[in-house]
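For reference, the structure discussed in these notes is given below.
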Amino acid sequence: MAGLPRARRNRPVTLGDTTVQPGERRTVELQVGSLYTDAPAHMPVQVVCGRQKGPVLFVSAAIHGDEINGVEIIRRLLKAPALRRMKGTLLAVPVVNMHGFINQSRYLPDRRDLNRLFPGSRKGSLGARVARLFMREIVHNSTHGIDLHTGSIHRSNLPQIRANLDHRETREMAQAFGAPVILNSALRDGSLREAAAERQVPILLYEAGEALRFDELSIRGGVHGIIEVMRYLGMLPAPPRQRRRKEPVMARSASWVRAPESGILRIFVREGDRVTRDQTLLAIVSDPFGERETEIRAPVSGIVIGQLRLPLVNEGDAVFHIAQFHRTDIAVERLETFQEDLEAPGYPYTDGGTDRSEGP
């Protein structure tokens, strides 16, 4: 770092027993106990420590072990050449819940939800200990965070940001991310978002796609969104040719539509569709013989942002997630623009994982 003024030099980062110096990029293995076989279990973290000082952003995925879209988002993010000119530090944690990831399960081996166990404890359950490790090593070393999720098993989500929009910096991060929909989401007890907020670490939750499946649009949107947040934070330079970005729309409320009875579900809408109260036919539930059929019509006007993928339902199952907006037509326009941009020829952050233009 010869020639770089001391005031602009980044600080080293220490995780566990490993210190990563400015200008270095290293993978650190944080031990989270051992398996039945006595083999050690680790939470891998890739640390990209820029030469110049700046924010410390953590990006995490697979807190729910079957939500794997985020793992691919982080893989592609780490291949972006723009990181070579990054200011500050990136802490990339592709698999937080290693036990669930190995078992292709949302939960830990004791069936607990890791995202209800933060900030964790030293003498608690396995999940509480993993949560404590993540807080101590990752959150406590960070200034900002992005946590990547998908819908649960057999449920898919339209790309969306959930955040505390009453917090100014969190709201501005959410707007910079550029997802087509932003939901003001209350903090849940025991969640990573709540624990990070208590540490004054602004954090976004990106929801997109379905558990145990890769969704290309959701992945591209996730990589692009993280890059845009890093630009907003001053960690990455703005692109040389930056077109005017259309602001995402914020939903004023969202609610689930539930199955009125048990049976076979036939769905007639998909994520992103605009629906009208009492008019749009969402689905029909019938018995296996088709002798008894019950229509499900939209109870509110809005956009479908999540839905059940399994065509078998029990009475009361959540089937459609509908977000309501002051201007649904504008929300649809933003969604169409989002999809067109991510599917444009030559768009970076594709399956090759390389952003050759360092844009857009």
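These numbers come from the heavy atoms of this one structure, side chains and all, not from hydrogens, waters or symmetry mates.
Judged by distance alone, with hydrogens and angles left aside, the side-chain atoms of Arg132 form no donor-acceptor pair with the main-chain N or O of Ser121 at under 3.5 Å. Judged purely by atom type and a 3.5 angstrom limit, Asn103 has no side-chain atom pairing as donor or acceptor with the backbone of Ser105. In terms of modelled atom types and a separation under 3.5 Å, the side chain of Glu137 and the main chain of Leu133 share no donor-acceptor contact. The backbone N or O of Leu342 sits less than 3.5 Å from a side-chain atom of Arg220, completing a donor-acceptor pair. Remark: side-chain polar atoms of Ser142 are not paired, donor with acceptor, to backbone N or O of Gly145 under 3.5 angstrom. Judged by distance alone, with hydrogens and angles left aside, the side-chain atoms of Asn157 form no donor-acceptor pair with the main-chain N or O of Gly209 at under 3.5 Å.
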Note to self: Is there a side-chain contact (heavy atoms from CB on, under 4.5 Å) between Gln339 and Leu217? Walk through the geometry before answering.
What the structure shows: CA-CA 7 Å; Gln339 186 167 347; Leu217 184 71; 4.2 Å; yes
Next item on the list: Could you please spell out the steps behind the side-chain contact (heavy atoms from CB on, under 4.5 Å) verdict for Gln21 and Glu24?
Entry: CA-CA 6 Å; Gln21 297 294 335; Glu24 290 186 340; 3.7 Å; yes
Next item on the list: Before giving the answer on side chain to side chain donor-acceptor pair (under 3.5 Å), spell out for Gln104 and Asp66 the whole-Å C-alpha distance, their side-chain angles and the decisive distance to 0.1 Å.
Entry: CA-CA 5 Å; Gln104 300 176 23; Asp66 60 356; over 6 Å; no
Next item on the list: Report the C-alpha distance between Glu67 and Arg155 in whole Å, list the side-chain angles of each, state the deciding distance to 0.1 Å, and finish with yes or no for salt bridge (charged side-chain N to carboxylate O under 4.0 Å, His left out).
Entry: CA-CA 11 Å; Glu67 298 182 1; Arg155 300 185 189 278; over 6 Å; no
Item checked: Derivation of the side chain to side chain donor-acceptor pair (under 3.5 Å) call for His149 and Asp147 -> CA-CA 7 Å; His149 287 260; Asp147 190 29; 2.6 Å; yes
Next item on the list: Using the side chain to side chain donor-acceptor pair (under 3.5 Å) rule, take Arg277 and Gln279 through it: C-alpha gap first, then chi angles, then the decisive distance, then the call.
Entry: CA-CA 5 Å; Arg277 178 179 178 178; Gln279 296 183 29; over 6 Å; no
Next item on the list: Could you go through the side chain to side chain donor-acceptor pair (under 3.5 Å) check for Ser262 and Glu315 one step at a time?
Entry: CA-CA 5 Å; Ser262 302; Glu315 180 179 347; 5.2 Å; no
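In this structure, CD in Glu293 is found 5.0 Å from CD1 in Ile284, a value given to the nearest 0.5 Å. Distance check: Arg106 CZ to Arg111 CZ gives 10.0 Å after rounding to the nearest 0.5 Å. From Asn69, atom CG reaches atom CZ of Phe214 across 7.0 Å, with rounding to the nearest 0.5 Å. Between atom CG of residue Asp329 and atom CD of residue Glu333 there is a gap of 8.0 Å, rounded to the nearest 0.5 Å. With rounding to the nearest 0.5 angstrom, the OG atom of Ser253 is 9.5 Å from the CG atom of Leu183. Atom CZ of Arg171 is separated from atom CD1 of Ile182 by 10.0 Å, given to the nearest 0.5 angstrom.
Taking all atoms of both residues into account, the shortest heavy-atom contact from Ala179 to Phe338 is CA-CE1, 4.3 Å. In terms of heavy-atom proximity, Ala186 sits nearest to Arg193 at O-NH2, 2.9 Å. The two residues Asn141 and Thr14 have their closest heavy-atom pair at ND2-O, 3.6 Å. Closest approach of Ile227 to Tyr349, counting heavy atoms only: CG2-OH, 3.6 Å. In this structure, Gly70 and Ala61 approach most closely via the heavy-atom pair C-CB, 3.5 Å. Listed here is the closest heavy atom pair of Ile330 and Val249: CG2-CG1, 3.8 Å.
A side-chain contact (heavy atoms from CB on, under 4.5 Å) with Leu265 is found for exactly one of Leu282, Asp317, Val313, Leu312, namely Val313. Val28 pairs in a side-chain contact (heavy atoms from CB on, under 4.5 Å) with only one of the listed residues (Leu91, Val47, Val93), which is Val47. Among Asp110, Leu114, Asn115, the one residue that satisfies the side-chain contact (heavy atoms from CB on, under 4.5 Å) test with Arg112 is Asp110.
Taking the six-membered ring for Trp and thresholds of 30 and 60 degrees, Trp256 and His321 have nearly parallel ring planes, at less than 30 degrees apart. Between Phe134 and Phe58, the ring-plane angle classifies as perpendicular under the 30° and 60° cut-offs.
In this structure Asp189 satisfies the side-chain hydrogen bond (donor to acceptor under 3.5 Å, both in side chains) test with no other residue, sequence neighbours excluded. Scanning for side-chain hydrogen bond (donor to acceptor under 3.5 Å, both in side chains) contacts around Arg26 gives an empty result, with sequence neighbours left out. In this structure Arg122 satisfies the side-chain hydrogen bond (donor to acceptor under 3.5 Å, both in side chains) test with no other residue, sequence neighbours excluded.
Val95 and Ile73 fall within a single hydrophobic cluster, where Ile, Leu, Val, Met, Phe, Trp and Tyr side chains are chained together by heavy-atom contacts under 4.5 Å. Linking ILVMFWY side-chain heavy atoms closer than 4.5 Å, directly or via other members, places Leu148 and Leu205 in two distinct hydrophobic clusters. Phe101 is connected to Tyr206 through a chain of hydrophobic side-chain contacts under 4.5 Å among Ile, Leu, Val, Met, Phe, Trp and Tyr, so both are in one cluster. Clustering ILVMFWY residues whenever any of their side-chain heavy atoms sit less than 4.5 angstrom apart, transitively, puts Ile63 in the very cluster that holds Val45. Follow the hydrophobic side-chain contacts under 4.5 Å out from Val300 and you never reach Leu335; the two are in separate clusters.
A donor-acceptor contact under 3.5 angstrom links the side chains of Tyr347 and His224, judged on distance only. Remark: the Thr89 side chain and the Asn10 side chain contain an N/O donor-acceptor pair separated by less than 3.5 Å. If you check the side chains of His144 and Glu169, you find a donor sitting under 3.5 Å from an acceptor.
Proximity of Arg85 to Pro237: side-chain heavy atoms (C-beta onward) are separated by under 4.5 Å at one or more points. Looking at Thr143 and Leu57, their side chains never come closer than 4.5 Å, going by heavy atoms from C-beta outward. For the pair Gln52/Arg9, no side-chain contact is recorded, criterion being any heavy-atom separation below 4.5 Å from C-beta on. Looking at His42 and Val32, their side chains never come closer than 4.5 Å, going by heavy atoms from C-beta outward. By the 4.5 Å heavy-atom criterion applied to side chains, Arg270 and Val304 are not counted as neighbours. Residues Asn97 and Val130 have side chains not in contact (no heavy-atom distance under 4.5 Å, counting atoms from C-beta outward). With contacts defined as side-chain heavy-atom distances shorter than 4.5 Å, the pair Ile267/Pro311 does not qualify. Inter-residue side-chain proximity for Ser301 and Val275 is flagged as unmet; no heavy-atom pair is nearer than 4.5 Å.
No salt bridge links Arg274 with Glu336; every basic N to acidic carboxylate O contact stays at or beyond 4.0 Å.
A 6.0 Å sphere centred on CZ of Arg266 holds more than 12 heavy atoms belonging to other residues, nucleotides or ligands. Atom CZ of Arg213 sits in a sparse spot, with 12 or fewer heavy atoms from other residues, nucleotides or ligands closer than 6.0 Å. Open room surrounds CZ on Arg11; 12 or fewer heavy atoms of other groups in view lie less than 6.0 Å from it.
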